[in-house]
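First up is the structure itself, then whatever we jot down about it.
All values below come from the heavy atoms of this structure, side chains included, with hydrogens, waters and symmetry mates left out.
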Amino acid sequence: MNIKNLAIICLITAISVSCRQDDVIFIPDRIPTGKPELTSVAGFYMLNEGNMGSNKCTLDFYDMTSGDYMRNIYASVNPEVPKELGDVGNDLEIYGRRMYAVINCSNKVEVLDAATCRRIGQVDIPNCRSVAFHGGYAYVTSYAGPVEIKPDYSQLGYVAKVDTATLQVVGRCIVGYQPDGITVCGNRLYVCNSGGYRVPNYENTLSEIDLATFTETRRIPIAVNLNQVEADNHGRLWIASRGDYFDTDARLFCYDTRKDRVTAQIPVSVSSMWLHNDDLYIVGVSYSGSQLSSERTYAVINTDMGEVRTENFISDGTEKDIRIPYGVAVHPVTGDIYVTDARTYVNPGRLHCYSPDGTLKWSVRTGDIPAHFAFLGK
């Protein structure tokens, strides 16, 4: 079976199987303006987080060769799996021929065949958050402890090292409190320590881990409540801080690993960021508890020059129709920009496709809280 058969499978299961009484497995949508694309990219998967406690994390697929958008395909391809994907999808990556979905509150990483979406197995990791890959291993951040907000939360987090051949955890490296985003840069792993459960005593460090020894070499002070990190093509890290929602604003920091220092700060809120060549695309919503206000972000930063290329990559005014910009991705060949809208957080969201010049091409309904993309090559 390959990805071209998913539409047929979804149709058959929509008629014969319903894994949840309050949820419908939909027949695939053909996007009217989504014309078939003949590139090296077959399509992309979309991981919908689902609201915490609802057990409604789902997986969608957009088939670029046909223009079909298929919702909840994990349930359709794997009808025998109880509870489907689980509770809160936190990250999604393809490595080799497999796809890895980090399911936070279900304490697992689901491993799927990338071409068919068929379940291969799972890796049990408590309160897991994000994943990165290097040399045949998956590196997964874990809060380690339960979901519990208290200033004196004492459980340090760790990074789990997973052998992708056996799907076994073969090592753990202790880091800071509530580690979130993770990336590989050179021969090092870098991990955002958020301290998010320790409100108002947030962490402010970035853990550096030597890949050869899998040991933490140091913790680098950056800013409070770090949540995402992306390595660019020039040995620099782009690190997002949520701030404390009151006195300290959200910011994006550039840390140069060669100079060993922060070289830039940009006052922007980051819900999601995606590196395309030397351009870092950012969407976000910044909340101010003191001013009871919020601002939306649709920025592009040139990582080579270290400066904002545009403060709004949407050029046709349709950003007014987006309630909560939540996820962003860029087609590696065409440069099309995909933006998700979480809307109410408890109902289906929306996915919008923009041309490289920022004009809307099409939109489609998704699952609840659409967030994480993974492009599939042919």
Study note, to complete from the structure: The reported gap from CD1 in I182 to CD1 in I209 (rounded to nearest 0.5 angstrom) is 6.0 Å
Revision key, fill the gap. Quick note, ring pair (Phe, Tyr, Trp, His ring centres under 6.0 Å) partners involving residues 104-150, not counting sequence neighbours, are Y95-F133, Y100-F133, Y139-F214, Y143-Y197
Practice item. State yes or no: do M99 and V81 share one hydrophobic cluster built from I, L, V, M, F, W and Y residues joined by side-chain heavy-atom distances below 4.5 Å, directly or via other members? Key: yes
Check your understanding: Any side-chain donor paired with an acceptor under 3.5 Å for N312 and E319?
Key -> yes
**Study point:** Worked verdict on E49 versus N90 for side chain to side chain donor-acceptor pair (under 3.5 Å)
**Key:** CA-CA 6 Å; E49 291 184 355; N90 221 70; over 6 Å; no
Check your understanding: Quick one: does L237's side chain get under 4.5 Å of T257's, heavy atoms only?
Key -> yes
Practice item. Indicate, with yes or no, if the rings of W362 and Y62 have centres closer together than 6.0 Å. Key: yes
Check your understanding: Which residues satisfy the salt bridge (Lys or Arg N to Asp or Glu O under 4.0 Å) test with R258, sequence neighbours excluded?
Key -> D256
Exercise for review: Could you tell me whether the side chain of C128 reaches within less than 4.5 Å of the side chain of K108, counting heavy atoms only?
Suggested key: no
Exercise for review: Please answer whether the main-chain N or O of C117 pairs with a side-chain N or O of N78 as donor and acceptor at a distance below 3.5 Å.
Suggested key: yes
**Study point:** Side-chain heavy-atom pair I322, H352 within 4.5 angstrom cut-off
**Key:** yes
Check your understanding: How far apart are the C-alpha atoms of I125 and T141, what are their side-chain angles, what is the distance that settles it, and do they pass the side chain to side chain contact (heavy atoms under 4.5 Å, CB included) test?
Key -> CA-CA 9 Å; I125 300 175; T141 55; over 6 Å; no
Point to revise | Note, L85 side chain near L47 side chain (heavy atom, < 4.5 Å) | key: yes
Check your understanding: Under 3.5 Å, is there a donor-acceptor pair linking the side chains of T205 and E203?
Key -> yes
Review point. Can we say D210 and R188 salt-bridge, meaning some charged N sits less than 4.0 Å from an Asp/Glu carboxylate O?
Key: yes
Check your understanding: Under the criterion side chain to side chain donor-acceptor pair (under 3.5 Å), which of T359, T318, D336 is the partner of Y354?
Key -> T318
Exercise for review: Would you please test I222 and N204 for side chain to side chain contact (heavy atoms under 4.5 Å, CB included) and show each step?
Suggested key: CA-CA 6 Å; I222 302 291; N204 70 339; over 6 Å; no
Point to revise | Identified salt bridge (charged side-chain N to carboxylate O under 4.0 Å, His left out) partner of R309 from the options D278, D279, D304 | key: D279
Check your understanding: Under a single-linkage definition using a 4.5 Å side-chain heavy-atom cutoff for Ile, Leu, Val, Met, Phe, Trp and Tyr, are V339 and L275 assigned to the same hydrophobic cluster?
Key -> no
Check your understanding: Between R242 and D180, is there a side-chain N and carboxylate O pair less than 4.0 Å apart?
Key -> yes
Exercise for review: Applying side chain to side chain contact (heavy atoms under 4.5 Å, CB included), run through L59 and L112 and close with a yes or a no.
Suggested key: CA-CA 11 Å; L59 190 67; L112 315 173; 3.9 Å; yes
Exercise for review: Report whether F253 and V270 are members of the same hydrophobic cluster (ILVMFWY, side-chain heavy atoms less than 4.5 Å apart, transitive linking).
Suggested key: no
Point to revise | Y190 ring center within less than 6.0 Å of Y255 ring center | key: no
Practice item. Considering only NZ, NE, NH1 and NH2 on the basic side and carboxylate oxygens on the acidic side, decide whether D368 and K56 come within less than 4.0 Å. Key: yes
Practice item. For the pair D87 (side chain) and C105 (backbone), establish whether a donor and an acceptor sit closer than 3.5 Å, ignoring hydrogens and angles. Key: no
Exercise for review: Step by step, work out the side chain to side chain contact (heavy atoms under 4.5 Å, CB included) result for S363 and R350.
Suggested key: CA-CA 7 Å; S363 299; R350 300 287 295 178; 3.5 Å; yes
Exercise for review: Taking atom types as modelled, find out whether N48 and T58 have a side-chain donor-acceptor pair closer than 3.5 angstrom.
Suggested key: yes
Check your understanding: Between T217 and E208, is a side chain to side chain donor-acceptor pair (under 3.5 Å) present by the stated rule, with each step listed?
Key -> CA-CA 6 Å; T217 54; E208 181 185 76; 2.7 Å; yes
**Study point:** Path from M64 to V333 over hydrophobic side-chain contacts below 4.5 Å
**Key:** yes
Check your understanding: Does T65 use its side chain to pair, donor to acceptor, with the backbone of A42 at less than 3.5 Å?
Key -> no
Exercise for review: Answer whether the closest heavy-atom distance between the side chains of V123 and Q168 falls below 4.5 Å.
Suggested key: no
Study note, to complete from the structure: OG of S106 to NZ of K83, rounded to nearest 0.5 Å, is 7.5 Å
Contacts under 3.5 angstrom, residues 147-165 side chains, donor-acceptor by atom type, not counting sequence neighbours:
| from | atom 1 | to | atom 2 | distance (Å) |
| --- | --- | --- | --- | --- |
| Y153 | OH | P146 | O | 2.8 |
| D163 | OD1 | A165 | N | 2.8 |
| T164 | OG1 | G136 | O | 2.7 |

Exercise for review: Kindly indicate whether the side chain of N193, heavy atoms from C-beta on, has any atom under 4.5 Å from the side chain of Q178.
Suggested key: no
Point to revise | Member of Y69, F61, Y74 meeting the ring-ring contact (aromatic ring centres under 6.0 Å, His included) criterion with Y45 | key: F61
Review point. Should the pair F375 and F373 be assigned to parallel (<30°), tilted (30 to 60°) or perpendicular (>60°) ring geometry?
Key: parallel
Review point. Is R172 salt-bridged to E216, cutoff N-O under 4.0 Å?
Key: no
Check your understanding: Do L92 and M273 belong to the same hydrophobic cluster, where Ile, Leu, Val, Met, Phe, Trp and Tyr are linked whenever their side-chain heavy atoms lie under 4.5 Å apart, directly or via other members?
Key -> no
Point to revise | Heavy-atom check, side chain of V191 versus side chain of P179, under 4.5 Å | key: yes
Practice item. Please step through side chain to side chain donor-acceptor pair (under 3.5 Å) for the pair H372 and E93, ending with a clear verdict. Key: CA-CA 9 Å; H372 309 284; E93 300 286 345; over 6 Å; no
Review point. Of all heavy-atom pairs between C254 and R236, which one has the smallest distance, and what is that distance?
Key: SG-CD, 3.5 Å
Exercise for review: Mind running side chain to side chain donor-acceptor pair (under 3.5 Å) on N107 and N127 for me, showing each step along the way?
Suggested key: CA-CA 5 Å; N107 306 303; N127 213 333; 5.8 Å; no
Review point. Between the main-chain N or O of V224 and the side-chain N or O of S241, is there a donor-acceptor pair closer than 3.5 Å?
Key: yes
Review point. Can you find a pair of side-chain heavy atoms, one from T303 and one from N277, that are under 4.5 Å apart?
Key: no
Check your understanding: Where the side chain of R296 meets the backbone of R323, is there a donor-acceptor pair that is under 3.5 Å apart?
Key -> yes
Point to revise | Lys/Arg N to Asp/Glu carboxylate O, R119 vs E110, below 4.0 Å | key: yes
